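Report on the structure given below.
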Amino acid sequence: MGVNNQNQAKEPDLNQIRKNKREKLANLQAAGKDPFVITKYDQDIHSTDAKEKYIAHEAELLAGRAEVNVEGLDEAAAKEALNADYNERREIMDASPINVSIAGRIMLKRVMGKASFCNVQDLKGDVQVYVSRDALGDDAYADFKKYDAGDIIGVKGYMFRTQKGEISVHATETVLLSKNLQPLPEKFHGMTNTDLRYRQRYTDLIMNADVKDTFIKRSKIISTIRKYLDGQGFMEVETPMLVANAGGAAARPFQTHFNALDEDLNLRISLELYLKRLIVGGLERVYEIGRVIRNEGLDTRHNPEFTLMELYQAYTDYNGMMDLTENMFRHVAQEVLGTTQFKYGDVELDFGKPFERITMIEAVKKYAGVDFDQVPDTEAAKKLADERDIHYEPYHKKGDIINLFFEEYVEEHLIQPTFVMDHPVEISPLTKRKPDRPDLVERFELFINTWEMCNAYSELNDPIDQRERFAAQDAAADAGDEEANHTDEDFLNALEIGMAPTGGIGYGIDRLTMLLTDSAAIRDVLFFPTMKSLDK
């Protein structure tokens, strides 16, 4: 019993910690030192940049200076020689100081009488700060000693290297910019509760440097895609998120009600149909990077709202889109990672080699041993599915069965970048048929690490054929397919105005970010993933 009481005594009393922090704030406010009245701070450099600047300056000022030789000296003499060398180096560096003004969050603090150390973390990293009573003065040093881990401070001072070799800031001024009122997670164990990390991403970013790095890479991925497409003559555009008809993908939409018009609307599930309207309008190369929202489940690769990149280019087909996609993915990997060869988990991926190209029917024949070119009709296809225990819906046709075989037998083998081409028409309602095979369409999906990464077409621009495809989708919806498209009369009207032969691509930014940051789940690359409410 006594042991349990001892353990309980060692547990921090969070309520008391919060109370102490609020008392410190009240004392500061009573003394006219309220940090929350400060509106700005002149930060002129980040921690890692300051350290790099000091290293370059040091190399210049100490060029040619030999390391002190302590060989043959006893311990006391060696220590004296090293101290003398350090002091000489400090004197040279301090005579030509690098003055800095940094700002960030105190992550740890050590108070040692007349001098103290703290570690300050900012956007780019962290730096040690040396704080002394002699440099700050009695009152300012007394204030600093009351700072807590988690407080945000500004520090003015100059860079130096400690005797242990750590590049630090010698503070000449500190100011409290924001008072922390909630204790941070324990530093050395970090923030390991996954659910809490997703719900409190702000704390996760503070405590886990690799998380911050992932989101910095995500931002670079998006900016690299933009620069690449801008360089290829594409124009970035924006299209509606609230739509009457949520088309362009096989997915259930979220529905909402617009009070002003007293109309039910949908949140978009795709960017496709509006971007194609712009191709009709004569904008020959357009793209959009935007959020789409699909009423579907949550798993490691799916979140109901995610970021999609779609582009459309007039006067090209899916072969041109394959070339563009391969070059774009290779370019993004090189720019973001500095290489086209990288690992996802234990898998070595190579974006430098030409991407493999295989038709869906060839892939099913290779991995399932079934040649659907020799299967005459839907009835025969369903019989094959029954023999392999592959579940299908009553409304499924031969093309749907081919896709089910592909999902069952092929996807797990597609590790290196692979274009899977020429899909059945039944699963591609917005795609142009192959001229010599009207049962197939000019479509490809890019698979990497078994994941579907990209979907692309030679876009269907025949309004008569498109109306028939929409009618088939309406019938599928009536038969119970909740992910079927519905007839979009305005889009059909646009096609009747006339759309040039066009190629299009769509891919998820989140899944690409997972791949390039070696992240196990889509929630790891979304700042604020969808979570079930805690009160449910």
Side-chain angles (χ1 to χ4, degrees), residues 249-252 294 296-297 299-302 318-319 321-322 325 347 355-458 460 469 472-473 475-477 479-485 505-508 511:
R252 291 175 61 190
R294 299 180 180 180
E296 58 190 15
D299 60 33
T300 56
R301 281 184 277 162
H302 293 88
Y318 76 146
N319 291 300
M321 294 294 96
M322 271 185 270
T325 301
V347 178
F355 293 6
E356 183 183 353
R357 303 186 182 194
I358 187 171
T359 70
M360 181 174 280
I361 288 176
E362 288 170 347
V364 171
K365 183 178 179 180
K366 179 177 179 180
Y367 293 107
V370 177
D371 184 356
F372 273 93
D373 278 340
Q374 304 305 313
V375 177
D377 52 29
T378 294
E379 183 178 352
K382 287 184 174 180
K383 184 178 179 182
L384 282 170
D386 291 335
E387 292 171 0
R388 301 287 185 106
D389 291 324
I390 293 178
H391 174 74
Y392 55 85
E393 300 296 338
Y395 54 80
H396 278 160
K397 295 185 169 63
K398 175 184 172 182
D400 300 293
I401 305 299
I402 294 172
N403 188 51
L404 292 173
F405 268 76
F406 175 80
E407 291 174 349
E408 178 70 23
Y409 290 101
V410 180
E411 288 184 1
E412 63 181 330
H413 299 285
L414 305 179
I415 306 299
Q416 297 304 320
T418 304
F419 290 118
V420 177
M421 309 177 294
D422 300 352
H423 294 52
V425 69
E426 291 90 341
I427 62 169
S428 310
L430 298 164
T431 316
K432 184 171 286 192
R433 297 176 192 262
K434 292 181 68 66
D436 57 340
R437 283 290 303 269
D439 58 323
L440 303 177
V441 296
E442 292 193 348
R443 172 185 175 187
F444 72 80
E445 292 173 296
L446 173 62
F447 282 82
I448 304 172
N449 190 44
T450 76
W451 305 350
E452 179 203 333
M453 297 294 298
C454 178
N455 194 18
Y457 315 149
S458 295
L460 180 59
R469 307 272 195 98
Q473 288 286 296
D481 187 352
E482 294 180 325
E483 296 186 345
N485 282 248
I505 304 169
Y507 61 81
R511 205 170 285 185

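Remember, it's a predicted structure, so these values are computed and weren't measured experimentally.
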Donor-acceptor check, side chain of Lys398 to backbone of Val375, threshold 3.5 angstrom: yes or no? yes
All N/O donor-acceptor pairs, side-chain side in residues 403-410, below 3.5 Å, sequence neighbours left out:
unit_1: Asn403; atom_1: ND2; unit_2: Glu407; atom_2: OE2; d: 3.3
unit_1: Tyr409; atom_1: OH; unit_2: Arg388; atom_2: NH1; d: 3.1

Where do Ile415 and Thr450 come nearest, in terms of heavy atoms and distance? CD1-CG2, 3.6 Å
Contact summary for Lys397 and Asp400, nearest pair of heavy atoms: N-OD2, 2.8 Å
Spatial distance of atom OG (Ser428) from atom CD (Glu442) [nearest 0.5 Å]: 11.5 Å
Is the closest side-chain heavy-atom distance between Tyr457 and His423 below 4.5 Å? no
Asp386 CG to Tyr392 OH distance, which is reported to the nearest 0.5 Å: 3.5 Å
Donor-acceptor contact below 3.5 Å, side chain Arg443 vs main chain Ile427: yes
Do Tyr507 and Thr325 have side-chain heavy atoms sitting under 4.5 Å apart? no
Spacing of CZ belonging to Arg433 relative to CG belonging to Leu460, to within rounding of 0.5 Å: 8.5 Å
Is the number of heavy atoms from other residues, nucleotides or ligands under 6.0 Å of Glu412 CD greater than 12? yes
Heavy-atom pair with the smallest gap, counting every atom of Arg294 and Ala251: CD-CB, 3.5 Å
Got Arg437 and Asp373 here, is their nearest side-chain heavy-atom distance under 4.5 Å? yes
May I ask you to test the Cys454-Phe444 pair for a side-chain heavy-atom distance under 4.5 Å? yes
Minimum heavy-atom separation for Ala479 and Tyr395, please, with both atom names. O-CD2, 3.8 Å
Would a 4.5 Å heavy-atom cut-off, applied to side chains only, mark Lys434 and Ser458 as touching? no
Once you round to the nearest 0.5 Å, how far does CE of Met322 lie from CE of Met421? 5.0 Å
Tell me the closest heavy-atom pair linking Ala476 and Ala484, and the distance in Å. CB-CB, 4.3 Å
With rounding to the nearest 0.5 Å, note down the distance linking CG in Asp481 to CZ in Arg252. 11.0 Å
Hey, are the side chains of Pro417 and Leu446 touching, using non-hydrogen atoms and a 4.5 Å cut-off? yes
Hey, is the main chain of Ala249 close enough, under 3.5 Å, to the side chain of Asn485 for a donor-acceptor pair? yes
More than 12 heavy atoms from other groups under 6.0 Å of NZ on Lys382: yes
To the nearest 0.5 Å, what is the distance between CG (Asp422) and CG (Leu440)? 6.0 Å
Are the side chains of Ile448 and Leu414 in touch, meaning some heavy atoms are under 4.5 Å apart? no
With a 4.5 Å limit on heavy-atom distance, are the side chains of Glu356 and Gln416 in contact? no
Any donor-acceptor pair under 3.5 Å linking the side chain of Arg511 with the backbone of Glu452? yes
